[in-house]
Enquirer: 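Mind looking over this structure? Questions follow.
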Amino acid sequence: MPELPEVELARSTIEEAGLGRTIVDVDDADDWVCRPHAPGEIRAALVGRRLTAAHRRGKTMWCDTSQEDGEDAGPRLGLHLGMSGRIIVRTAEGGTVHGGDPVRGVDGTDAAVAKAEWYRFTLVFEDGGSLRLFDKRRLGRVRLDPDLEALGPDAAEIGVADFRARVGRGTAPLKARLLDQSVLAGVGNLLADETLWQARQDPHRPAGELSADELTALHRSLRTATEAAVRHGGVHTGEVISHRVKAGRCPRCGADMATGRVGGRTTWWCTAEQQG
DNA sequence: ACTCGTGTTAGCTG
DNA sequence: TCAGCTAACACGAG
């Protein structure tokens, strides 16, 4: 699930329900998710502190932490949801205040029961509540002081001039350019397909071939698609997403949807409007 | 049994 | 050195 819209929703969940609560315990035993930290390292850094702010750039989140007596401000806690991660914040009473049911999520699966081992990382608060990373596939990541240098500007905030300069260059397929997190941070496979469909652009087209006007329109489409996804609860709510299926038809013109691999990802496009 | 995947990245190639 | 591409990562779901 997690692309920029899902991560923004997770960030706001932490902001609304996870800040200001003193951390009394940390489960960082999963040394794959917490790499390169050794088990206990994150725990030692965070116990006694509080989360004071929740930030996001692209698909990466990080929380500022409070200072302890006589020390500098605490380390930043970096959180990445990977391919299947979710943030679950629980109240002192154990109820889920935000983040929804861990299994019965937007992906529609509802048969399974959440297994304890799918909780890959946990902060336990003094009030008895918790903040947890729930991640079936274990591609999520938790680390202290994450490096943000490799990330381009956030896809929801980049201005049109900057967007044109960064995206409209190179010979790589346009979709690959949109997916490159060092060019622009936050666009994932579904948001890329939705954006290109809205802008009626061929995903295979070399990015450097687009005109200034086309790039301006693409920037507008990205904004529109991203804002709608945040508002509606995730990228899966995009207009073309449910038509990315075998024998699917374009919901705008009715032409066949085609599929192939672009930028290493499964891609769907309208054969009529996107010059398939 | 076998393939796929809403993400990231080390490593290879030209 | 850079831009671009592929495989690998972990593991559940179909």
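Basis for what follows: all heavy atoms, side chains included, without hydrogens, waters or symmetry-related copies. Chain identifiers are assigned alphabetically (A, B, ...) following the order of the sequence lines, protein sequences preceding nucleic acid strands; residue numbering begins at 1 within each chain.
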Enquirer: Rounded to whole Å, please give me the gap between CZ in A:Arg143 and P in B:dT9.
Expert: 9 Å

Enquirer: Work out how far the P atom of C:dA10 is from that of B:dG11, and round it to whole angstrom.
Expert: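 Each nucleotide's P atom is 15 Å from the other's.
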
Enquirer: Atom CZ in A:Arg205, atom CD in A:Glu214: separation rounded to 0.5 Å?
Expert: 4.0 Å

Enquirer: Less than 4.0 angstrom between a side-chain N/O of A:His80 and OP1 or OP2 of B:dT8, yes or no?
Expert: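 The answer is yes; a side-chain N or O of A:His80 sits under 4.0 Å from OP1 or OP2.
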
Enquirer: Grab the two heavy atoms, one from A:Ala185 and one from A:Leu4, that are nearest each other, plus how far apart they are.
Expert: O-CD1, 3.9 Å

Enquirer: A:Gly264 near the nucleic acid: base, sugar-phosphate alone, or nothing, with a heavy-atom cut-off under 4.0 Å?
Expert: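 Nothing, no heavy atom under 4.0 Å.
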
Enquirer: Could you check if a side-chain atom of A:Phe125 sits within less than 4.5 angstrom of a side-chain atom of A:Ile23, using non-hydrogen atoms only?
Expert: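 Touching, per the 4.5 Å side-chain cut-off.
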
Enquirer: Closest approach to the side chain of A:Arg177, judged atom by atom: which nucleotide of C:dG4, C:dC9, C:dG12 is it?
Expert: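 Looking only at side-chain atoms, A:Arg177 lies closest to C:dG4.
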
Enquirer: When you measure from the side-chain N and O atoms of A:Lys59 to the phosphate of B:dT8, is any distance below 4.0 Å, counting only OP1 and OP2?
Expert: yes

Enquirer: Rounding to an integer number of Å, can you tell me how far A:Glu117 CD sits from C:dG12 C1'?
Expert: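 Rounding to the nearest Å, CD of A:Glu117 and C1' of C:dG12 are 12 Å apart.
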
Enquirer: Which nucleotide sits closest to the side chain of A:Trp32: C:dA13, C:dC9, C:dC11?
Expert: C:dC9

Enquirer: Looking at A:Gln274, A:Lys175, A:His243, which hits side chain to side chain donor-acceptor pair (under 3.5 Å) with A:Asp193?
Expert: A:Lys175

Enquirer: Roughly how many Å is it from CG in A:Asp180 to C1' in C:dC2, rounded to a whole number?
Expert: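 So the CG-C1' distance, A:Asp180 to C:dC2, works out to 12 Å.
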
Enquirer: Looking at CD of A:Glu41 and CG of A:Leu144, how far apart are the two atoms once the value is rounded to the nearest 0.5 Å?
Expert: 6.5 Å

Enquirer: What's the closest nucleotide to the A:Arg138 side chain, out of B:dG7, C:dG4, C:dC11?
Expert: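 The nucleotide sitting nearest to the side chain is C:dC11.
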
Enquirer: Find the distance A:Arg57:CZ to B:dG7:P and express it as a whole number of Å.
Expert: 18 Å

Enquirer: Check whether NZ of the Lys or CZ of the Arg A:Arg252 lies under 6.0 Å from the centre of the six-membered ring of A:Trp197 and within 45 degrees of that ring's axis.
Expert: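 Judged by the rule (NZ or CZ under 6.0 Å from the ring centre, within 45° of its axis), A:Arg252 counts as positioned above A:Trp197.
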
Enquirer: Given C:dA10, is OP1 or OP2 found less than 4.0 Å from the side-chain N or O atoms of A:Arg120?
Expert: no

Enquirer: Under 4.0 Å from OP1 or OP2 of C:dG4: is there any side-chain N or O of A:Thr171 that close?
Expert: yes

Enquirer: Let me spell it out: for each of A:Arg169 and A:Gly263, pick the nucleotide of DNA chain C with the closest heavy atom. Which residue's pick is nearer the 5' end?
Expert: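 Here A:Arg169 is the residue nearer the 5' end.
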
Enquirer: Can you measure from CG (A:Leu210) to CG (A:Leu218) and round to the nearest 0.5 angstrom?
Expert: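 Going from CG on A:Leu210 over to CG on A:Leu218, the span is 6.5 Å.
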
Enquirer: Which whole-number value in Å describes the distance from A:Leu148 CG to B:dT9 P?
Expert: 12 Å

Enquirer: Can you measure A:Arg261 atom CZ to B:dG5 atom P for me and round it to whole angstrom units?
Expert: 7 Å

Enquirer: A:Gln181 has a side chain; which of B:dG5, C:dA10, B:dT8 sits nearest to it?
Expert: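 Taking heavy atoms from C-beta onward, the closest nucleotide is B:dT8.
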
Enquirer: If you assign each of A:Glu3 and A:Arg35 to its closest nucleotide in DNA chain B, which residue comes earlier from the 5' end?
Expert: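 Whichever sits nearer the 5' end wins; that is A:Glu3.
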
Enquirer: Expressed in angstrom and rounded to an integer, what is the separation of A:Leu139 atom CG from C:dA7 atom P?
Expert: 18 Å

Enquirer: With sequence neighbours left out, write down each residue that passes salt bridge (Lys or Arg N to Asp or Glu O under 4.0 Å) with A:Asp145, or none if nothing qualifies.
Expert: none

Enquirer: Determine whether a donor-acceptor pair (one donor, one acceptor, N or O, separation below 3.5 Å) exists between the side chain of A:Arg265 and the base of B:dG7.
Expert: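 Counting by modelled atom types and ignoring angles, a donor-acceptor contact under 3.5 Å is found here.
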
Enquirer: A:His204 NE2 to C:dC5 P: how many Å, rounded?
Expert: 11 Å

Enquirer: With pairs defined as Watson-Crick or G-U wobble and both distances under 3.5 angstrom, please note down DNA chain B as a dot-bracket string, | for pairing with another strand.
Expert: .||||.||||||||

Enquirer: Students often get this wrong, so: under 4.0 angstrom with heavy atoms, is A:Thr266 touching a base, only sugar-phosphate, or nothing?
Expert: sugar-phosphate

Enquirer: Classify A:Pro206 by what it touches in the nucleic acid, base, sugar-phosphate, or nothing, heavy-atom distance under 4.0 Å.
Expert: nothing

Enquirer: Give a yes or no on whether the backbone of A:Val235 and the side-chain of A:Glu6 come within a donor-acceptor separation of less than 3.5 Å.
Expert: yes

Enquirer: If you only use heavy atoms from C-beta on, which nucleotide in C:dA10, C:dG12, B:dG7 is closest to the side chain of A:Arg137?
Expert: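 When the side chain of A:Arg137 is considered, C:dA10 is the closest of C:dA10, C:dG12, B:dG7.
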
